[in-house]
Amino acid sequence: MRFAFLQEPPFCFTDASGVLRGCDAMLAERVCQLLELETFSPVETEFAELLPGLASGRWEMTTGLFISDERQTLVDFTRPIWVLQDGLLVAKGNPRAFDGYRAVAKDHSALIGVISGQVQHQTALQNGVPPERISIFATQSEAADAVAAGVVHAYASVAMAHRGYLGRHPDAPLAVIDVPAAEKQPAAGAFALAKGNAALRQRIDSCLGDLLGNSWHREMMREYGFSDADIDRLL
């Protein structure tokens, strides 16, 4: 099972010894083992390549992605593996007093960063941020570095991803702001699979049904900063 991942803690990341870690990676590897889906083979890529790579057969499954109608025309999703809230990564101390997308929109000199192809780009537009004030980056680290350098004033992604980044870069002059539910409701994400293999999807969904919320899963998720409440929201 070739598994496409990004360097995006706490979901997937390689540690100092080069071993793949993260809650999505651990869950995917566990599913692969239980279903005896050959060797679990991680493949690092960038976000924009995740879905094209599925379509071209470069890998069989991707790290978790938000489920959207547009993406469902391209790939099949497993059952959800998390439900998460958006957040903004901002300069430490939040000097512009951002409390969400709309605050960025109202600050006419503010620039916001997003990752190419991620749903936060559309969410920023829906909350009034004009397209000319949205900068697009390829990776989490590029976007975070841009905030630290003042190139952009906020970076929109999943709040948990921002916290995972700061957990690995505790000296970064950055902070996380949770986006209010009035601007974006918590949304579900799932592993993505190539279309046309319903049998594989059904087997994975059945396995996930046994794993999600059990003691192994709760302990594993706790290691990566998730609470029982986060898991209960999913279930």
Side-chain angles (χ1 to χ4, degrees), residues 1 3-15 19-37 40 42 47 50 60-69 71-72 75-89 100 115 118-120 123 140 156-168 170 175-193 200-235:
M1 168 68 79
F3 174 74
F5 75 95
L6 315 171
Q7 293 288 346
E8 190 177 40
F11 306 104
C12 299
F13 62 93
T14 48
D15 64 15
V19 176
L20 182 60
R21 307 290 186 189
C23 59
D24 283 11
M26 296 299 97
L27 182 59
E29 184 171 17
R30 184 78 163 183
V31 168
C32 184
Q33 291 170 346
L34 292 173
L35 295 181
E36 299 180 345
L37 297 174
F40 181 73
F47 189 90
L50 287 173
E60 286 75 47
M61 185 163 73
T62 77
T63 186
L65 300 172
F66 282 119
I67 301 166
S68 70
D69 292 341
R71 288 174 179 168
Q72 285 180 308
V75 298
D76 287 334
F77 284 100
T78 66
R79 63 173 292 169
I81 58 172
W82 37 251
V83 176
L84 296 173
Q85 183 62 47
D86 276 9
L88 302 180
L89 194 67
I115 302 301
Q118 288 193 348
V119 298
Q120 285 78 18
T123 305
Q140 180 193 54
S157 186
V158 176
M160 189 64 76
H162 292 325
R163 293 191 173 93
Y165 179 86
L166 292 183
R168 299 195 76 201
V176 183
I177 305 299
D178 291 319
V179 169
E183 295 184 5
K184 176 65 184 295
Q185 288 287 324
F191 295 129
L193 307 169
L200 175 63
R201 179 173 53 80
Q202 289 166 4
R203 291 183 69 204
I204 292 174
D205 279 352
S206 178
C207 188
L208 288 172
D210 294 333
L211 285 173
L212 297 176
N214 73 11
S215 58
W216 172 86
H217 180 246
R218 288 179 185 273
E219 181 178 352
M220 182 274 290
M221 295 293 279
R222 206 171 293 123
E223 290 179 16
Y224 295 106
F226 291 81
S227 67
D228 282 338
D230 293 325
I231 297 168
D232 292 339
R233 184 189 308 120
L234 166 69
L235 299 177

Closest non-hydrogen atoms of T123 and E183, given as atom of the first, atom of the second and distance, are CG2-O, 4.3 Å
Locate the shortest heavy-atom distance separating P42 from L20; write the atom from each residue and the value.
CB-CD2, 3.5 Å
Answer whether the closest heavy-atom distance between the side chains of L211 and L34 falls below 4.5 Å.
yes
Would the distance check show the side chain of D210 and the main-chain N or O of C207 forming a donor-acceptor pair, the cut-off being under 3.5 Å?
no
Kindly indicate, with the supporting measurements, whether the criterion ring pair (Phe, Tyr, Trp, His ring centres under 6.0 Å) is fulfilled by W82 and F11.
CA-CA 10 Å; W82 37 251; F11 306 104; 5.5 Å; yes
For D205 and R79: C-alpha separation, side-chain torsions, deciding distance, then whether salt bridge (Lys or Arg N to Asp or Glu O under 4.0 Å) applies.
CA-CA 6 Å; D205 279 352; R79 63 173 292 169; 5.9 Å; no
Answer yes or no: is there a donor N or O on one side and an acceptor on the other, between the side chain of T78 and the main chain of F191, under 3.5 Å?
yes
Quick one about D178 and Q85 (side-chain donor to acceptor, distance below 3.5 Å, no hydrogens or angles considered), yes or no?
no
Q140 side, atom CD; H162 side, atom NE2 - distance, nearest 0.5 Å:
8.0 Å
Are any side-chain N or O atoms of D76 and backbone N or O atoms of L193, one a donor and one an acceptor, separated by less than 3.5 Å?
no
Q7 and T14 side chains, donor-acceptor separation under 3.5 Å
yes
Taking P10's backbone N and O only, do any of them form a donor-acceptor pair with Y224's side chain (distance below 3.5 Å, no angle check)?
no
